[in-house]
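In what follows, residues are counted from 1 in the order of the sequence shown.
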Amino acid sequence: MHRIFMLSAIAIVVAVACAAGFAEVKTFEKKFQVGAGGTLSLSTESGSVSVTGGSGSEVIVTATIEGRSSDVAKFVVEANQSGNNVDVTGKAPKDFWRFLRGANLDVRFSVTVPRAYNVRMQTSGGDLAVSTLTGTVHGETSGGNVSIDHVDGASTLETSGGDIRVDAVKGDVKAETSGGNVKVKNVVGNVHGETSGGDIAAEDVEGKVRLETSGGNVMIKVRGANKGIHAETSGGNVTILIGKSVGAMIDAGTSGGEVVCDLPVMVSGKISEDRVKGTVNGGGELIYAHTSGGNVRIKPLD
């Protein structure tokens, strides 16, 4: 018994020593001279990606790979230029033993691009972030969070399991997550947001808004003209704020709570606690607000 204990202790010490001894960090860096209006296309099998618009005319790609020496050595980063476009890939061999023991990699991409540049990025498991950019943004991750701020251009953002955050954007925004929250604010453009299981909010938006969630709350705050609002949830509350003088058609309903509208509504049909249909300030674009299990509140902006 004592011998078994000693062997187990030795095995643990050896395992710890091997893990520490084989830890390694590898850095990749490459620079490209480009013109405005090009596109960065970055696809990686692992890792987070951060892209920032700069004042120069360079694309600077930096990647840090940390983990077991064998895994670090096998992870390959490539970056190539075609005209004003730059393509970046991060790949690791799909061998059986690596899959069996589990990958032990921490991969981080940090990229600087010209301010007027487009971005397309995809990762199988990390976070995505873009800031200070004039151009279109497409971001897709299988398991991380997505965030963009101070972007002038249309954005399409997708994650299978994380949160999405958008702030200070001029352009249409499409944001979809299968399991996290979505928060969009300070947007001049149309907003389309969906989540299968979290809360969803769009604040200080000048544009058409469509938000849907299968299990959380919905909050919409629209400034300026009403260009159309669609808010729908299967299990939470819906709150909508619009200007006091904004015209709209109202279609609000709930299957498990009450509907309250703090604006003067000319009601069509019968009045009930769980349904309101009518017009506000002479009518306008439709405000559709429905929930299967919560309350609906429509009120004026402060």
Side-chain angles (χ1 to χ4, degrees), residues 145 157 159 161-167 169 173-187 189-302:
N145 301 319
L157 313 170
T159 174
D163 298 335
I164 298 178
R165 296 287 183 268
V166 176
D167 187 13
V169 170
V173 174
K174 184 177 182 181
E176 296 183 10
T177 173
S178 298
N181 301 318
V182 178
K183 187 170 184 178
V184 178
K185 62 179 182 178
N186 300 321
V187 173
N190 299 327
V191 174
H192 182 179
E194 294 183 24
T195 175
S196 298
D199 296 334
I200 189 164
E203 302 179 29
D204 297 327
V205 175
E206 295 182 35
K208 185 177 181 179
V209 181
R210 183 183 184 93
L211 302 185
E212 299 177 58
T213 174
S214 298
N217 300 318
V218 181
M219 198 282 285
I220 298 174
K221 182 193 294 183
V222 173
R223 297 200 176 275
N226 167 31
K227 298 182 180 180
I229 296 172
H230 182 108
E232 191 170 0
T233 175
S234 298
N237 299 320
V238 176
T239 304
I240 297 175
L241 294 88
I242 59 174
K244 294 179 180 180
S245 60
V246 169
M249 292 181 60
I250 303 291
D251 183 347
T254 175
S255 300
E258 64 175 359
V259 177
V260 177
C261 183
D262 296 332
L263 294 163
V265 183
M266 183 173 291
V267 177
S268 60
K270 68 176 184 178
I271 299 174
S272 65
E273 291 185 351
D274 60 1
R275 188 71 183 263
V276 171
K277 293 190 73 174
T279 60
V280 173
N281 294 320
E285 294 293 330
L286 177 65
I287 295 178
Y288 181 93
H290 280 252
T291 174
S292 298
N295 301 318
V296 177
R297 181 80 178 269
I298 301 173
K299 54 184 182 178
L301 289 169
D302 294 336

Next on the checklist: I need the minimum non-hydrogen distance between V259 and A252, along with the two atoms involved.
Outcome noted: CG1-CB, 3.8 Å
Next on the checklist: For a quick test of reading the model, state the closest non-hydrogen atom pair linking G282 to T279 and the distance between them.
Outcome noted: C-CB, 4.5 Å
Checklist entry - Shortest non-hydrogen contact from T177 to G162? => result OG1-O, 2.7 Å
Item to check | All salt bridge (charged side-chain N to carboxylate O under 4.0 Å, His left out) counterparts of E206, not counting sequence neighbours | outcome: none
Next on the checklist: Could you work out, with side chain to side chain donor-acceptor pair (under 3.5 Å) as the rule, every residue matching N181, not counting sequence neighbours?
Outcome noted: none
Item to check | Basic-acidic side-chain contact under 4.0 Å: R223, D204 | outcome: yes
Item to check | Any residue meeting side chain to side chain donor-acceptor pair (under 3.5 Å) with D163, in chain and number order, not counting sequence neighbours | outcome: none
Next on the checklist: Going by side chain to side chain donor-acceptor pair (under 3.5 Å), name the pairs with one or both residues in residues 211-220, residues two or more places apart or in two chains.
Outcome noted: R210-E212
Item to check | Partner residues of N281 under the side-chain contact (heavy atoms from CB on, under 4.5 Å) criterion, sequence neighbours left out | outcome: none
Hey, can you pull the donor-acceptor pairs under 3.5 Å for the side chains in residues 289-296, sequence neighbours left out?
| unit_1 | atom_1 | unit_2 | atom_2 | d |
| --- | --- | --- | --- | --- |
| H290 | NE2 | D251 | O | 3.4 |
| H290 | NE2 | D251 | OD1 | 2.9 |
| T291 | OG1 | G236 | O | 2.6 |
| T291 | OG1 | G293 | N | 3.2 |
| T291 | OG1 | G294 | N | 3.2 |
| N295 | OD1 | E258 | N | 3.0 |

Checklist entry - Shortest non-hydrogen contact from I220 to A231? => result CD1-CB, 3.8 Å
Item to check | Note, E232 side chain near V218 side chain (heavy atom, < 4.5 Å) | outcome: no
Checklist entry - Less than 4.5 Å apart, any side-chain heavy atom of T233 and any of V238? => result yes
Checklist entry - Testing I164, V184, V182 for side chain to side chain contact (heavy atoms under 4.5 Å, CB included) with L157, which one passes? => result I164
Checklist entry - Does the side chain of M219 come within less than 4.5 Å of L241's, by heavy atoms? => result yes
Checklist entry - What's the spacing between N226 CG and I287 CD1 if we round to 0.5 Å? => result 4.5 Å
Checklist entry - How many angstroms lie between atom CD1 of I229 and atom NZ of K221, to the nearest 0.5 angstrom? => result 13.0 Å
Checklist outcome for this item: Between G256 and T254, the two heavy atoms sitting closest are N-OG1, 3.1 Å
Next on the checklist: So, taking the atom named NZ in K277 and the one named CD1 in I250, what distance separates them when rounded to the nearest 0.5 Å?
Outcome noted: 11.5 Å
Checklist entry - Below 4.0 angstrom, N of the basic side chain to O of the carboxylate: do D167 and K183 qualify? => result no
Checklist entry - If every non-hydrogen atom of I200 is compared with every non-hydrogen atom of E194, which pair is closest and at what distance? => result CD1-N, 3.7 Å
Checklist entry - With a 4.5 Å heavy-atom cut-off, do L263 and I242 have their side chains touching? => result yes
Checklist entry - Which of these, K299, K244, R297, sits in a salt bridge (charged side-chain N to carboxylate O under 4.0 Å, His left out) with D262? => result R297
